[in-house]
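These notes are about the structure you will find just below.
Both backbone and side-chain heavy atoms feed into the values below; hydrogens, waters and symmetry mates do not.
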Amino acid sequence: MTENRDLHWMQLAMEMAQKAEALGEVPVGAVLVKDDQLIACGWNQPIAANDPCAHAEILCLRQAGSQLENYRLLDTTLYVTLEPCAMCAGAMVHARVGRLVYGAADLKTGAAGSVLDLVRHPLFNHKLAVSAGVMEQECSEQLSAFFRRRRQEQKALKQARKLNLPAAEN
């Protein structure tokens with residue numbers, strides 16, 4: 001049963017990631033659930049908000065705190081399409097999120113087991129249960145497709161600039 005619920009909520013997190021992508025942001029989405037009820041959702045917005053902290057997870061946690069009228073998010077599960085960074089992992093520990101479920105691992109900055117493991121650090125007073133790799137292939141492809149498109153767009157822009165240069169500069 002948990003596996004089916006995890007798939008359901010991760011699919012919703014992927015829909016949140018699509019909202020980020022529509023804004024030109026890296027497509028990462030997050031949803032927070034308590035007692036199998038949606039509490040909050042978020043998607044990456046650091047560029048749109050000019051805020052380096054506007055990651056999907058942080059925005060979701062902020063919304064959840066307001067919704068529950070408590071900064072402690074006890075007995076909740078956070079679903080996110082990409083393994084959280086150190087900032088987001090730290091916020092989850094401070095908020096006392098009970099469980100983290102993520103899709104794609106982040107081998108460069110992941111802080112839930114790939115590079116660091118802040119959510120289960122032995123010296124912290126709170127540790128999260130972690131389920132990694134839920135819809136991993138779909139989440140990874142969503143991110144990979146975004147970066148492929150971005151590279152193609154940058155390459156096309158570079159070629160267009162080259163074509164518009166005066167003949168003497170070619």
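To the nearest 0.5 Å, atoms CG (Leu32) and CD (Gln63) are separated by 9.5 Å. In this structure, the separation between SG on Cys85 and CD1 on Ile58 is 7.0 Å, given to the nearest 0.5 Å. With rounding to the nearest 0.5 Å, the separation of CG in Leu78 from CG in Leu61 is 5.5 Å. Atom OG1 of Thr76 is separated from atom CD1 of Ile39 by 8.5 Å, given to the nearest 0.5 angstrom. Leu107 contributes atom CG, which lies 5.0 Å from atom OG of Ser114 (distance to the nearest 0.5 angstrom). The distance from the CZ atom of Arg96 to the CG atom of Leu74 is 8.0 Å, given to the nearest 0.5 Å.
Nearest heavy atoms, Met16 versus Gly42: CB-O, 3.5 Å. In terms of heavy-atom proximity, Leu128 sits nearest to Arg120 at O-CG, 3.3 Å. In terms of heavy atoms, Val115 sits closest to Thr109 at CG2-N, 3.9 Å. Scanning both residues, Val97 and His126, for their nearest heavy atoms gives O-NE2, 2.7 Å. Residues Leu143 and Ala104 come closest through the heavy atom pair CD1-CB, 4.3 Å. Taking both residues in full, the closest heavy atoms of Ala89 and Pro84 are given as N-CB, 4.1 Å, listed atom of the first, atom of the second, then distance.
Residues Glu83 and Lys108 are not paired through a salt bridge, judged by the lack of any N-O separation under 4.0 Å between the basic side chain and the carboxylate.
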Exercise for the section: Quick one: do Val26 and Phe146 satisfy side chain to side chain contact (heavy atoms under 4.5 Å, CB included)? Show the steps, please. Expected result: CA-CA 7 Å; Val26 175; Phe146 170 80; 4.0 Å; yes
Practice task
Could you walk me through whether Val101 and Met10 pass the side chain to side chain contact (heavy atoms under 4.5 Å, CB included) test, one step at a time?
Solution key: CA-CA 8 Å; Val101 179; Met10 187 60 74; 4.0 Å; yes
Exercise for the section: Tell me, with the steps shown, if Gln45 and Asp51 meet side chain to side chain contact (heavy atoms under 4.5 Å, CB included). Expected result: CA-CA 8 Å; Gln45 299 179 54; Asp51 180 356; over 6 Å; no
Exercise for the section: In sequence, state the C-alpha distance, the side-chain angles, and the governing distance for Arg148 and Glu141, and then conclude on salt bridge (charged side-chain N to carboxylate O under 4.0 Å, His left out). Expected result: CA-CA 10 Å; Arg148 264 194 311 274; Glu141 180 52 34; 2.5 Å; yes
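Note on Leu12 and Val134: same hydrophobic cluster, where clusters join Ile, Leu, Val, Met, Phe, Trp and Tyr whose side-chain heavy atoms are under 4.5 Å apart, directly or indirectly. Met135 and Trp9 end up in the same hydrophobic cluster when Ile, Leu, Val, Met, Phe, Trp and Tyr side chains are linked at under 4.5 Å. With hydrophobic clusters built from ILVMFWY side chains whose heavy atoms lie under 4.5 angstrom apart, Leu38 shares a cluster with Trp43.
Using modelled atom types, no side-chain atom of Glu57 and backbone atom of Ala30 make a donor-acceptor pair closer than 3.5 Å. No donor-acceptor pair under 3.5 Å is formed between the side chain of Arg99 and the backbone N or O of Tyr79. Counting only distance, with no hydrogens or angles, the side chain of Asn44 and the backbone of Ala20 share no donor-acceptor pair below 3.5 Å. Of the possible donor and acceptor atoms, none in the side chain of Thr81 sits under 3.5 Å from a partner among the backbone N and O of Met14. With hydrogens and angles ignored, the 3.5 Å screen pairs no side-chain donor or acceptor of Ser140 with any backbone N or O of Gln137.
Heavy atoms of other residues, nucleotides or ligands lying less than 6.0 angstrom from NZ of Lys19 number 12 at most. For Phe124, the CZ atom is densely surrounded, since the number of other residues' heavy atoms within 6.0 Å is greater than 12. Other residues, nucleotides and ligands contribute more than 12 heavy atoms inside 6.0 Å of the NE2 atom of His8.
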